[in-house]
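Atoms within a ligand are numbered from 1 in the order they appear, just like the ligands themselves.
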Amino acid sequence: MTPALAKKNITFSHTLSPEAASVRQALLDKGLETPLVDNGLTRDEKYLKIAAAFTDITQTLGLDLTDDSLCDTPSRIARMYVDEIFSGLDYSHFPKIAVIANKMQVEEMVQIDDIGLVSTCEHHFVTIDGTAKVAYIPGNKIIGLSKINRIVRFFAQRPQVQERLTQQILVALQTLLETEDVAVSINAVHYCVKSRGVMDGNSRTRTTSLGGAFKETPSTRAEFLN
Ligand SMILES: [Zn+2]
């Protein structure tokens, strides 16, 4: 084990559920983890530092932070970043997942459409707004359907690029379900395209990650993609 990897394991592993730890390790192994540095800051320290930084940003823009509409904005943004829209950077927020044995011998594809997905573009820190479609073919394990939505939300609540988000959801489900037969597709509007730059409000971006039978078997692939 490299010193860097040993350090990471010491830093994170003691607080994580086994499911969160195994998902995180699988993402590291595949090079799909979000670039993270453990800075050792507590939640309260993060609030203070982000609020101070946003005070700086708003004042630099020329806004009057003594105005009663603006005065709480830096601390509000700090709490929103840490506890809400970027809470998925902290694996202690990974959803509680009960994977159960497939005693009913379900062997047909399980597919969930139109999972609401709101994330944040890591290049511009503005919203990505879309839906996810997730499918898997049960092997030995099945998972509560609402848990799939929660896993989508966990990884969406990070600064993201859509391609990585799609792959992170795929690998998380492959790891938890102990099967390669998982497929994920995300269709989203990027507000960095809609609200700035080319100002295109109509274009949507679709990204798809296919594993196992979804990649190898044309009929299974077609069933998912249609
Ligand atoms: Zn962007």
Side-chain angles (χ1 to χ4, degrees), residues 23-24 26-28 30-39 41 43 46-47 49-63 65 70 72-91 93-95 112-134 148-173 182-211 224-225:
V23 166
R24 180 177 164 273
L27 292 174
L28 286 172
K30 290 176 184 290
L32 291 172
E33 182 56 294
T34 300
L36 289 167
V37 177
D38 181 21
N39 55 25
L41 295 172
R43 183 173 298 190
K46 289 177 185 175
Y47 293 151
K49 285 181 83 76
I50 294 169
F54 256 93
T55 298
D56 205 12
I57 290 170
T58 43
Q59 287 176 338
T60 302
L61 289 169
L63 290 165
L65 281 184
L70 289 169
D72 292 331
T73 297
S75 59
R76 193 180 291 118
I77 288 174
R79 289 192 304 274
M80 178 182 77
Y81 273 15
V82 174
D83 296 335
E84 296 177 304
I85 67 173
F86 300 140
S87 62
L89 293 172
D90 181 348
Y91 274 98
H93 297 140
F94 193 77
I112 308 175
D113 294 325
D114 291 326
I115 299 171
L117 177 148
V118 180
S119 188
T120 305
C121 154
E122 73 181 22
H123 299 141
H124 300 93
F125 269 45
V126 292
T127 299
I128 300 169
D129 183 11
T131 58
K133 174 164 80 166
V134 174
I148 292 177
N149 301 51
R150 288 181 192 281
I151 289 168
V152 169
R153 186 191 296 174
F154 175 79
F155 287 106
Q157 287 182 327
R158 293 177 166 195
Q160 279 289 10
V161 287
Q162 187 174 325
E163 294 86 342
R164 187 209 289 133
L165 172 60
T166 312
Q167 290 185 302
Q168 287 178 339
I169 297 165
L170 180 91
V171 169
L173 288 168
V182 179
V184 180
S185 181
I186 294 175
N187 187 4
V189 173
H190 288 242
Y191 277 68
C192 55
V193 176
K194 183 171 182 173
S195 69
R196 56 161 294 286
V198 295
M199 303 281 261
D200 182 342
N202 294 317
S203 66
R204 302 177 68 88
T205 303
R206 179 181 295 281
T207 48
T208 302
S209 273
L210 305 174
F224 175 73
L225 293 176

If you look at every heavy atom in Thr120 and Ile128, which pair is closest and at what distance?
C-CD1, 3.9 Å

Under the salt bridge (Lys or Arg N to Asp or Glu O under 4.0 Å) test, residues paired with Arg153 that sit two or more places apart:
none

Ring-face cation contact, Tyr81 with Lys46, 6.0 Å cut, 45° max:
no

How would you list, by chain and number, every residue that makes a ring pair (Phe, Tyr, Trp, His ring centres under 6.0 Å) with Phe154, sequence neighbours excluded?
Tyr91, Phe94

Donor-acceptor side-chain pairing of His190 and Gln162 below 3.5 angstrom
yes

Just distance, no hydrogens or angles: give the donor-acceptor pairs under 3.5 Å from side chains in residues 53-60, sequence neighbours left out.
{"residue": "Thr55", "atom": "OG1", "partner": "Ala51", "partner atom": "O", "Å": "2.8"}
{"residue": "Thr58", "atom": "OG1", "partner": "Phe54", "partner atom": "O", "Å": "2.7"}
{"residue": "Thr58", "atom": "OG1", "partner": "Thr55", "partner atom": "O", "Å": "3.1"}
{"residue": "Thr60", "atom": "OG1", "partner": "Asp56", "partner atom": "O", "Å": "2.6"}

Count, excluding waters, the protein N, O or S atoms that are closer to the Zn ion (ligand 1) than 2.8 Å.
3

